[in-house]
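Data first, discussion second: the structure below is written as structure tokens.
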Amino acid sequence: MRKLLRMTAALLAAIWIGAPAPAFAAETGTTTAVTKDTARAAAGSLVPEDSEFQYAEQSGDAFEVLYYSDEDKAYYSVRVSIFTGEVSSVSTALVDNRGSREAVLTEDEVTAIASEDAGDVNVDSVALDTVAGRKKYEVQCSGDGFEVSYQINAESGRILKKTVQYL
């Protein structure tokens, strides 16, 4: 009797382990609706024309698509949902995104820079940050359906890094 139970258990385990993954995925509704190519196309429409595609890879529930613009000397990272194909965030980072030695700009001037770039937003916070002797303003904004965070050079007012999160 024990031998029969072991054989039955082994047979059931072999059937369960050998079940094709697509059938299981279809039952649970976890199939990927978006490919790397469609994510790349969605991201490509949001970056400057001169940007060169670097890579697209799945990270959790999104594709991370990276482009580089030689003209801007900046990287553009776009997150695209693997389920819907919608863009969840766009980040821009300059290659030389170090801050300045001096903080020349005031918080009001930095607030104006962020507001001009983001459009109709509420500026939630502005903070001067110093790392390794370099100063940057960290600015957090929120608008209708999105949030934006900035790193702004404290002397020139140049936007060093920007991330837009769509809600």
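Both backbone and side-chain heavy atoms feed into the values below; hydrogens, waters and symmetry mates do not.
- Each of Y55 and Y67 belongs to its own hydrophobic cluster when Ile, Leu, Val, Met, Phe, Trp and Tyr are linked at side-chain heavy-atom distances under 4.5 angstrom.
- There is no path of hydrophobic side-chain contacts, each under 4.5 Å, that joins V104 to V139.
- Counting all heavy atoms, side chain and backbone alike, A74 lies closest to Y68 at O-CD1, 3.3 Å.
- Interatomic distance, N97 CG to I159 CD1, rounded to the nearest 0.5 Å: 13.0 Å.
- Residue Q54 qualifies as enclosed at atom CD: its count of foreign heavy atoms under 6.0 Å is above 12.
- Taking 4.5 Å as the limit, every side-chain heavy atom of L160 sits out of range of all side-chain heavy atoms of R98.
- The structure places NZ of K162 at 13.5 Å from CD of Q151, a figure rounded to the nearest 0.5 Å.
- A continuous path of Ile, Leu, Val, Met, Phe, Trp and Tyr side chains, each step under 4.5 Å between heavy atoms, connects V90 with V148, placing both in one hydrophobic cluster.
- Nearest heavy atom pair, residue P48 against residue D72, reads CG-OD2, 3.5 Å.
- Of the inter-residue distances, the one linking K136 atom NZ with K161 atom NZ reads 8.0 Å to the nearest 0.5 angstrom.
- Residue pairs meeting the side-chain hydrogen bond (donor to acceptor under 3.5 Å, both in side chains) criterion with at least one partner in residues 41-50, sequence neighbours excluded, are D50-S69.
- Listed for the T130 side chain is no donor-acceptor partner under 3.5 Å among the backbone atoms of G133.
- Side-chain contact between V87 and V78 is present, with heavy atoms from C-beta onward closer than 4.5 Å.
- Residues F63 and T38 form no side-chain contact, since every pair of their non-hydrogen atoms from C-beta on lies 4.5 Å or further apart.
- Residue S81 comes nearest to V34 through the heavy atom pair O-CG2, 3.5 Å, listed as atom of the first residue, atom of the second, then distance.
- S51 contributes atom OG, which lies 9.5 Å from atom CG of L66 (distance to the nearest 0.5 angstrom).
- When the shell of 6.0 Å around CZ of R134 is examined, it contains more than 12 heavy atoms from other residues, nucleotides or ligands.
- Atom SG of C141 is separated from atom CG of D124 by 6.5 Å, given to the nearest 0.5 angstrom.
- Listed for the E116 side chain is no donor-acceptor partner under 3.5 Å among the backbone atoms of I113.
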Before giving the answer on side-chain contact (heavy atoms from CB on, under 4.5 Å), spell out for E107 and Y137 the whole-Å C-alpha distance, their side-chain angles and the decisive distance to 0.1 Å.
CA-CA 8 Å; E107 286 188 11; Y137 276 103; 3.9 Å; yes
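- In this structure, V47 and V65 have side chains that are not in contact, with every pair of non-hydrogen atoms separated by 4.5 Å or more.
- If you chain together hydrophobic residues whose side chains sit under 4.5 Å apart, L94 and Y76 never meet in one group.
- Rounding to the nearest 0.5 angstrom, the gap separating the OG atom in S149 from the CD atom in E138 is 8.0 Å.
- Residues T163 and Y150 have side chains not in contact (no heavy-atom distance under 4.5 Å, counting atoms from C-beta outward).
- Closest heavy-atom contact between S89 and Q165: CB-OE1, 3.0 Å.
- The shortest heavy-atom contact between G85 and A42 is O-CB, 4.4 Å.
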With salt bridge (Lys or Arg N to Asp or Glu O under 4.0 Å) as the test, would you mind laying out the steps for D96 and K73 before giving the verdict?
CA-CA 8 Å; D96 178 19; K73 302 288 189 237; over 6 Å; no
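- In this structure, D61 and F83 have side chains that are in contact, with non-hydrogen atoms separated by less than 4.5 Å.
- Taking the ring centre of F53 as origin, the terminal cationic atom of R40 falls inside the region bounded by 6.0 Å and 45° from the ring axis.
- Closest approach of K135 to L128, counting heavy atoms only: CB-CD1, 4.1 Å.
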